[in-house]
Structures are given as C-alpha cells and as structure tokens.
Number of protein chains: 2
Amino acid sequence: MAESMKGLHRSHRCTEVTKAMTGEKVTVMGWVQKSRNKGSIIFVDLRDRSGLLQIIFEEGEISSEDFAKAEKLRSEFVVAVEGKVELRSGGVNENIPTGEIEVRAESIRVLSEADTPPFPIEENSKTKEDLRLKYRYLDLRRPDLQKNLIMRSRVATLTRQFLSEEGFLEIETPMLTKSTPEGARDYLVPSRVHPGNFYALPQSPQIFKQLLMCSGYDRYFQIVKCFRDEDLRADRQPEFTQIDMELSFVDVDDVIGVNERLLQRMFKETIGIEVPLPIQRMTYKEAMERFGSDKPDIRFGMELKDVSAVVKDCGFSVFTDAIKNGGSVRGINAEGQAEMPRKKIDALVQFAKDFGAKGLAYLGINADGTFKSSFAKFMTEEELKVLADTMQAKSGDLLFFAADEDDVVFDVLGNLRLELARGLELLKKDEYKFLWVTEFPLLEYSKEEGRYTAKHHPFTMPMEEDLDLLDTHPEKVRAKAYDIVLNGTEIGGGSVRIYQNNVQEKMFEVLGFSKEDAYDRFGFLLNAFKYGVPPHAGLAYGLDRLIMLMAQEDSIRDVIAFPKVKDASCLMTEAPNIVEKKQLDELGIGVVETE
Amino acid sequence: MAESMKGLHRSHRCTEVTKAMTGEKVTVMGWVQKSRNKGSIIFVDLRDRSGLLQIIFEEGEISSEDFAKAEKLRSEFVVAVEGKVELRSGGVNENIPTGEIEVRAESIRVLSEADTPPFPIEENSKTKEDLRLKYRYLDLRRPDLQKNLIMRSRVATLTRQFLSEEGFLEIETPMLTKSTPEGARDYLVPSRVHPGNFYALPQSPQIFKQLLMCSGYDRYFQIVKCFRDEDLRADRQPEFTQIDMELSFVDVDDVIGVNERLLQRMFKETIGIEVPLPIQRMTYKEAMERFGSDKPDIRFGMELKDVSAVVKDCGFSVFTDAIKNGGSVRGINAEGQAEMPRKKIDALVQFAKDFGAKGLAYLGINADGTFKSSFAKFMTEEELKVLADTMQAKSGDLLFFAADEDDVVFDVLGNLRLELARGLELLKKDEYKFLWVTEFPLLEYSKEEGRYTAKHHPFTMPMEEDLDLLDTHPEKVRAKAYDIVLNGTEIGGGSVRIYQNNVQEKMFEVLGFSKEDAYDRFGFLLNAFKYGVPPHAGLAYGLDRLIMLMAQEDSIRDVIAFPKVKDASCLMTEAPNIVEKKQLDELGIGVVETE
C-alpha cells in the first residue's frame, strides 16, 4: 500500500547529501535502485534525478514495523527515508559522488510499490528500442536519458538567456496557420467552424518572423515546434524543435557574429567544449570541390583533388570521356591503405555505385613503389606516376577516382570519403569541428517540376554582384545564405532576406509563379512589404540534432522525451488512433475507404 | 527604390542615443514616424522598438542628393541616417526620452519606401479591430502592442530563469498526440501514414508531465501551446499558452510556496508591483459564501451575507419558500446607493434574471431612516429594521437580496456584486489583489451526462479526510486543488495528483468509467503507475490572461502577436482555408458535403 508523505519534507536530493554533513539528519526520497538483504542489515541504493545514495537499515535501530518494510523493498519502489548521515562502514564506492557516505535510516515510508519492470533501469541499456519506447516512462528513468534531457533543458535556458541579453525578444507565432503548398507536405487540421477548411501546422515560423521584422520588433527568437509530414528517415521526426531567430538592419556578418558567440557559450557552459572564434568559413563551391559535400566533416582531411588536367589525354576512356562530356575526374587519397583487401575495395566500389557512380577506379602505391590499379593497363607507368604525384600519394597510399558529371563525382567521393573515415575510425564524437558554408546557389533546377526551385526558400536574397544573372543564368546566382555545420551535420542555416518588393517579384517570376499565384500564397507578406520593411536576416537551428551531437548520441530519439518512430506513431500512447465518428461528423470530414 | 545598407552598421537604437553623447557620430535606422518640411530644414521623427529620435536635415549641410531624399520622406519609410548628436535647437520635448537632443544628419539612405498605411501607426488606436487584425503587421508597429509583447517576452524569460534556479527542467512534450475524449473538444490531425487514424493536438501536457514525474524528473516546467476546439468566448483563443509545471515529493504548501515567489518576482521585475507574501488563502466554500464566486475579486468588499435565519419566518413568501426548499436568502450592501434611480435598479433586476434569478429584492435605507423596498408590504417595519441591521446597513445604503437554491443565489449575487463594482468604478486596473482558492469540490454532477464529472481533472487527489465519502457522498469530497486568482480572474490552477493506483481506480469508478474504458483512454498512465510513482502536484497558468492583466488590457488579443478572432480564423493569413484535393487524397479523408 502507498503511504502518505504527510508531515515529511524532503531535505535533500540524493547527491546533495555530502561528507561534510556527517552526523546531520536528512529526509531523502526516491526510487530503490537495488536492495541487498544481509539478514539484520539491509542496504538500499536510493536513486533520484541527481544520482545514487546508500541507505542502511539495521534491525533494532528502527521500529520492527519499518524494518519489515525495508525487508520487502524491491527495485523501483518509491520510499521516503529519515536518517543520519554517516561515513560508510563498508568500503568506499568511487564510482558515485556519495560513495564515501551512507544514511542510517531511522524511519521509512513506502510511498509507492512497484511491479518488476519489463527491463532493467540502467545505463547503456541493451533493451530493444521498441520495448523501451513502449515503456518510455521507464526508459526515461535511465541515467543516460536523464542526462540528455537535463542537458537539453540547460541548452534551451542558456540560449534564451544569451539571446535576451543580446536584445532578442521571444515572440510566439501561431501553430494553427495557413497551408502554403511550397516545400514539404503540411500537417492539416480540419476546422469545425469552417467546414471544408483546414489549418496547417507550421513547417517553420518563416513568414511570421519576417512579418515581425516588418513590424519593427528588431530581434526575434523562439524555441518552437515545427512540423513536416514527410516519410521519416533516420534522424527525422514529424514534429521537431527549432531555435529560430531573425534580426533587422543586419547583414551576413552580424548574424554569423551573434551565432558564433551563442555557440561558444552553449558548448562551453554545457559540455565544457571551447569553440575557438571565428569559426572557419568556406563557400559552397570550395566545400564541394574540397570535400564533395555542402556540409563537410572537417575533423579529417582526405580532400578531393581534381586530376582532370592530368588525365585528359590518357588512354583510359572512362576518364577521358567524362571530361569530354563536360565532367571531371577527381580523386581522394586513403593514406596508408594500399594493403586494403580486394573484398573491401569491391565493397567500396559497390558503395560508390549506390551513389550513382558508374564505377570507381583505384590506384594503390605498393611499398616498393609499384602500382596496383583497376586501370593500370590503360595508362603508362609514367602517366600513373604523374597521377600519383598529383594526388601527393606516397608509398602505401590507396587512391580512389571517380569520373562523371561534377555533381555525381562530388556526391560519390564526398560519401566515399565519409565511408572510409568511418572504417578508419577517424570520426571522434568528442571532437567538435564547426564550419560556416556560405554563398549557396540561390536556385536549383527541378527536372521533376520543369522549373527552378528555391534552394533555401523563396525569400532568400541573391548576392548583389549576381543580381543581373537572375535573368540570364539563374543557376549561377549565389544566395546570401549560410549553413552552420558541425562534424559533417548541418545544425542550422539561414539567409539574408529579400526586402525589396521588386526583387521579390522577380524571384517569384524566376520560380515560375504568376503574380496571382504569388499573392495567393504569400499575399500578406508581399502586402506587408509595401509599407516599409527593414533589411533583415535570420537563422534556425535544428535543436534535436544539435543536442544529439552534444550528447554524443546516434539517434535524435535519445534526446527527445516522447519521440515517434519511423511510421510517425508513438509506441507509448499509440497515437495516432481511431477517433469517434461524432468527432469527424462535427468537423464535416469523412475517412475515404480505399481498396 | 530600396537602397542597400552595405558598409553601414547601426550604432544605436533610437533611445540609446543620449544627451551625454552630444558631439558624437551615430548611425541610426528605423521608420519615419513623422516628417516636417520647413523649407531648408526638415525634421524627422525616427521610430524603432525603443522609441523616437528627432533627426534634422539642413540644406547645404548634406549632399543635395541626400537632401532631396529627405524631402521625399513620408510616414513609414525605412531609413538609415548618419549624423552627429546635438542638443535640440528648438524646444525640449518632455514626452520622449530623447526630447533634449536630435541628430544632425550627414547622410541618409532610404532602405525602403512605403505606401500610406490604411490606418495611422499610433498609440490608443481608434481603428476598428478587424482592420487592425487584417493588417496585423502594421498594427504590431504601434507602441502599445510593442510594449505588451516586450513585456510578454520578459515575463517568459523571468519565469524560465526563476524556475531553472528552483531546479525545474524545461522538457518538451508532444504536439501530435492521442485524442482522449474527456474534457473539451480536440483539434484533430489526420495521419497520412495510417489512413483513418488521427492525432490530437494537446489540450494540456497533463498526462505527459505526470509521466515525467513517474520517470523521476522531479521538477518539470514548460511554456507551451495548448489547443481547445471550443466556441470562442471573449478571452478565449483556439490556441493558447500555458506556463505548466509539476513537482515531485511535494504537497499543496510546496506548490503554493514556489509559485508565490514566482509571482512576486514576475510582478516586481516587469511592472514594479510588490506582491506581499504570503498571498491570502480562502477555501472554495468561504469564497462562495462571502463573494458568490470561486474566483473572488477582493479589490473591494460588498460581501454576501446569509440572512436566512432572520427572514425565515417573515411574511415574504419568496424568501420563506426559498428557505423551505433548502435554499437560502442572501444579500449584498451597495453602500451609499440608496438614491439609485428606479431605472437603474430595474436594469440590475434584469441582470440578475439573466443569471437565473427569479427576481431580485431590494431594500434602500433613506437618509431619514425610512425604507424603500420591493418587499416592504410583506414585512413589518421591525422586520425590515432587523434585516437592515443584519446587513450592517446605514442610512443611504441600498441592499439587494436573492432567494433561491444556494447555487443560484451565489451566481446571481456574485455577478451582481461585480456589476455594481463596474458601475461604481471600484475595479482599478493598477491594483493587483491575489488570492488562493483551495479545497474545491472534487466532483460535480452533470445532469446532461447523468454522472459525476471531475471538476478539475480525473487525476486530482481527494483530501485525505474526505476519502471515505467517495463511496457515500461523492459530491461532498473536497479536492487537493487550488486556483490562483488575480482581481477576480483565475490566472492559474492545479492540484495534488492521485499517485495510488487503487485511489485512481476508485476515482474512475465514481466517474462512471469501466476499467476497460479507463485503460482505453489512460492505459499508459495507469500502467506507469504500477512501476513506482512519487507523490506529485502541479499547476498551470494561462499566460495570455496573465499578461493581459499585467498590461492592463481588456482583450487577450492585445497580448498575442497573431491572434484569431471569434470564429477561430486569422484575418491576416485567412487561415483556415481550402486546401488542394491532392492533399486530402494523400490523407485518405474527404470533405462531407452537408445540405
């Protein structure tokens, strides 16, 4: 039976009890982590959010009724214990902060009994994730998840504190808003008052934050839930959290400046990591050419090299054809890997093919200076040597080459580079390397839709020097957009916004929207722009991913209290579920039966 | 045309420019509030979030090109001005912080031109609210709305800071969750992956925060959006914001303690109001008997008095019948109002009838000690005198009496009391009177549903001393529930929760849920309770209403950036709207045509 805690007040959390308090009386409350019955003595490890504390019950020292209660304690019982702090009679436990002390119980109340949990409450659980998610309320008791959520709360608090100090206002934007069919799929919410009409849950507060700049709020931020109804890949959730911000009267450097200071403070004050400023910057073009990625992981080198000039006249038609067709030949150097077994190389060739390569050429430099290569027979020894030299390869190195259109070459080698690094264990989770990637292309051509689409979003400002290209070579226009990349993961991104009505209209024109279309979708923003709009820019972080990296976890589910799984359902609440017909009737909607 | 601000950096916000900076060069940016062209001199009031600053352009002192720009300035143009701070040549404007100074312009850029706004951007706007809401981005430029949203941001920041210091963790709970048809109507979100299934938007994070307590998080809070699909009354929004909290190992006094300190800090540090602690407490019973309300406005007296004992044998059958039928006769004293014109009294009688009274009896004590009364002919002079004395009435007072079932009497007199106070202008917005109301009834009988429903929610703990009444007199059971009331408005409420499975099951039984029903709806919570649950309690504030009172506004729409109107639509975005058929098809739902 559950006892009341009436008259009792918890005096300390478990690890707030210290050696200096020896002899003092305390009242502690928490969960039984473990109970060891030694006959006339019972040891209990008491657990709360702060950690563990040993309690000792000795027969004769407490009432027989209370001793009987202690005898019946099992894991996860919730108890309140009054007792005196003393130095441990047994050995010191150096693994826990309270390892030198224990509390000698004078009384106990069992506040709640507990069934045996379906899996043990412990760090580094080996339990299958599905079971853990079904019993999330138990899973959340595990110290590693508690550590993550405590860190998450701390990051949010620090962020708010920092941004407030910097003159940002936290302003809430609506959750029930308008569907704008551009970008990802919206979650819809049927309206009861207006049957046949729907709200959409926001994919981001983009338009609202720009309106707030039009309204003179100067600096806005929000830590806010956003929604995208996409098929979930790893690290995606239907609802996710952004640290969202927007600033007026600024340019790229201002946004980067305030965010560098934010990141520095955040990493220093939560996980003790120094972020040296300024953070390195790299244009999109350089990132692609050196790393084959717009979010390079710069914890390691293995950079791409363009060898087109060296091989353009060689006898290997795979190389020469690619160049003739307007593509390139580029390579990376897996240093010291010349001995890589053939099977492993074959697997990498297959890996490259999965990313669209027709093949993957390799060239190993044996210890004796001779070559082993998939294309040796097409090139002279001298050509091979020049190629190896161009790649700055030395004995024992293994070179990989891709030859194709640039896009394919970058994608293949960029991913191959990461795959090799994983194999070589070059990716250390406790090393944090930040990078700004700038000057993204403004547009990308969508073959599917037969038109240009905005790479970032339709409100992104083109670089002044490229404005004239909008009419002639839209694909060459660079944007005032920037991503912040951490260890090869994009943790945030943003842009300077268009604030001139004529540029915005031109942008919609390039995107293939008629003026009517544009007004239909974004009319209130375009109208707002008629009444005086300040230059403004912003940025948004994906908080879940950021915390995942800080916590050195592999899944964002480990940094979200109640996450959803791949089919967008919650295993604990079983949401989504069937609702009563009456509810649908009130909304004026029906479920369409499909065959 | 819009100029670029390239190469310029804002040095100060408008009111950051001070007298002490006379002679210094500054770069300021903002909106033109007003422009006065005096020929060779142009005065411009520049506005930003911080306030106003006067700029002076003098012909000959700046380039003719720039002077020409200044000549063309109109309201709401956005400009950047470089210039020197100087003492005002003209008179001092004592209404603004920068009233002693001005900036003598050396150059100007017009960052954005502006059409004439559909209404003037000024404080205390007389513009119709519908027009203001359609152009919310302009309305939000008005200093009073800016002041409100800045205060709102400050309250949120302070709350987070305070709660963090008190050991609370901010933990996000899901927005896409499970529909539990108890309480208000849910907003539903159709699932695309699971056709025919729906998520619900949360009415509150109630169950999740209790689960977090089960999981050992000890102290949780969140400032979070909640959703209710109800017909909107004044001061209701389909989405609203709660400051939500939950604490483990606590009882009523702990929750009240931490919240009193929160309120004290919040009011002191945002609007400079001292909240003396402890805040007065009153049981529900006392609140009803003294004020006819469970959220008494204690800024004024005019308390209810039970005169049943005095009139139980009088000749006025309206009074005696009410008492015989188990009801009561109670009165309030409108001091000094004996001269109230008959027409006004008649209006109050009608007001009382609107609240369910069959009538409203009055008794005025004239200056000469004689009476004027609606029921004089049914009572002796002596009886009237005793009645007046019981009400502690003196010459010039006006007494009102209601006779009916207690519920009706309380409702009528409670509201009449407020109506009289409004008429007498007793309700001062800058006076803040807090009150805890405690010991609410656990249950109320719903005639509609033919069963008891939870007054607070089904997880509320009964008072220990009333537990036995659950079986025999459920209506008499008091709950460990508490509301915090400010000036007659409930700004927050909460309760100690049931943490014993057997009590929870009993509660569901009293509510008429079968065990299957209960598990179907709240199974994961009931299951969680099997594995060790700490005593816990919580509270939630309605942030919108709280800020409304702090800002001394009459409508919560004036403290929400993008509010919805009564039909739950947004006049600016026109949400909700019609969506593309393709979107509905993907969700497997259709709009049901109704005749």
Side-chain angles (χ1 to χ4, degrees), chain A residues 2 5 10 29 31 49 76 78 112 114-115 117 137 140-141 153 156-157 164 169-171 174-179 187 189 191-194 196-199 211 214-216 218 225 229 239 249 500 524 528 530-535 561-562 567-568 572-573 575-576 579 588-592, chain B residues 2 5 10 29 31 49 76 78 112 114-115 117 137 140-141 153 156-157 164 169-171 174-179 187 189 191-194 196-199 211 214-216 218 225 229 239 249 500 524 528 530-535 561-562 567-568 572-573 575-576 579 588-592:
Chain A
M5 48 170 273
R10 178 172 64 174
M29 305 185 187
W31 285 256
R49 183 177 101 185
E76 303 310 313
V78 180
S112 176
D115 290 356
Y137 41 85
L140 283 171
R141 291 183 185 179
S153 175
T157 302
S164 295
L169 301 171
E170 185 158 23
I171 301 178
M175 292 282 115
L176 294 172
T177 179
K178 190 185 180 182
S179 180
Y187 276 105
V189 183
S191 161
R192 180 179 53 86
V193 185
H194 306 273
N197 287 255
F198 294 80
Y199 304 96
L211 288 175
C214 290
S215 302
D218 205 283
K225 278 280 174 76
D229 186 9
E239 54 179 297
F249 302 114
Q500 310 93 329
F524 49 99
K530 290 179 184 160
Y531 299 104
V533 44
F562 301 101
D567 72 350
M572 182 186 71
T573 60
V579 300
I589 61 168
V591 173
V592 177
Chain B
M5 47 170 273
R10 178 172 65 173
M29 304 185 186
W31 285 256
R49 183 177 102 185
E76 302 311 313
V78 180
S112 176
D115 290 356
Y137 41 84
L140 284 170
R141 292 183 184 178
S153 176
T157 303
S164 295
L169 302 171
E170 185 157 23
I171 300 178
M175 293 280 116
L176 295 173
T177 179
K178 189 186 180 182
S179 181
Y187 276 104
V189 182
S191 161
R192 178 178 55 86
V193 185
H194 305 274
N197 287 256
F198 295 80
Y199 304 95
L211 288 176
C214 290
S215 301
D218 205 282
K225 280 279 173 77
D229 187 8
E239 54 179 297
F249 302 113
Q500 310 92 329
F524 50 100
K530 290 180 185 159
Y531 298 103
V533 44
F562 300 101
D567 70 350
M572 182 186 71
T573 61
V579 299
I589 61 168
V591 172
V592 178

Answer with side chain, backbone, both or neither: which region of [X] has an atom nearer than 4.5 Å to a non-hydrogen atom of chain A?
X	result
B/Ile171	side chain
B/Ala568	both
B/Lys225	side chain
B/Val193	side chain

Counting heavy-atom pairs under 4.5 Å to chain B, which of [options] comes out on top?
options	value
A/Met572, A/Glu76, A/Arg192	A/Arg192
A/Ser215, A/Ser164, A/Ala114, A/Pro534	A/Ser215
A/Asp115, A/Asn197, A/Leu211	A/Asn197
A/Arg141, A/Arg10, A/Met29	A/Arg141

Spell out, as yes or no, whether a donor-acceptor pair under 3.5 Å connects the side chain of [X] to the backbone of [Y].
X	Y	result
B/Trp31	A/Gly216	no
A/Gln500	B/Ala2	no
B/Glu170	A/Ala156	no
B/Ser112	A/Val533	yes

When rounded to the nearest 0.5 angstrom, what distance separates CE in B/Met175 from OH in A/Tyr187?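 The CE atom of B/Met175 sits 14.0 Å away from the OH atom of A/Tyr187.
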As an exercise: rank B/Thr157, B/Asp218, B/Val591 by heavy-atom pairs under 4.5 Å with chain A and give me the winner.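 So the answer, after comparing B/Thr157, B/Asp218, B/Val591, is B/Asp218.
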Counting heavy-atom pairs under 4.5 Å with chain A, which one of B/Val78, B/Leu176, B/Val579, B/Ile589 comes out on top?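 Looking at each option in turn, the highest pair count goes to B/Leu176.
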Do B/Pro576 and A/Phe198 have side chains that approach each other closer than 4.5 Å (heavy atoms only, starting at C-beta)?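 SC-SC contact between B/Pro576 and A/Phe198 ruled out.
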For B/Asp567, all residues meeting side-chain hydrogen bond (donor to acceptor under 3.5 Å, both in side chains), sequence neighbours excluded: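 side-chain hydrogen bond (donor to acceptor under 3.5 Å, both in side chains) check on B/Asp567 returns A/His194, B/Ser569.
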Under 4.5 Å heavy-atom distance to chain B, tell me which part of [X] shows up: side chain, backbone, both or neither.
X	value
A/Pro535	side chain
A/Leu169	both
A/Ala528	both

Residues which pass side-chain contact (heavy atoms from CB on, under 4.5 Å) with A/Thr573, listed by chain and number, not counting sequence neighbours: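 Partners of A/Thr573 under the side-chain contact (heavy atoms from CB on, under 4.5 Å) test: A/Cys570, A/Ala575, B/Lys178, B/Phe208, B/Phe524.
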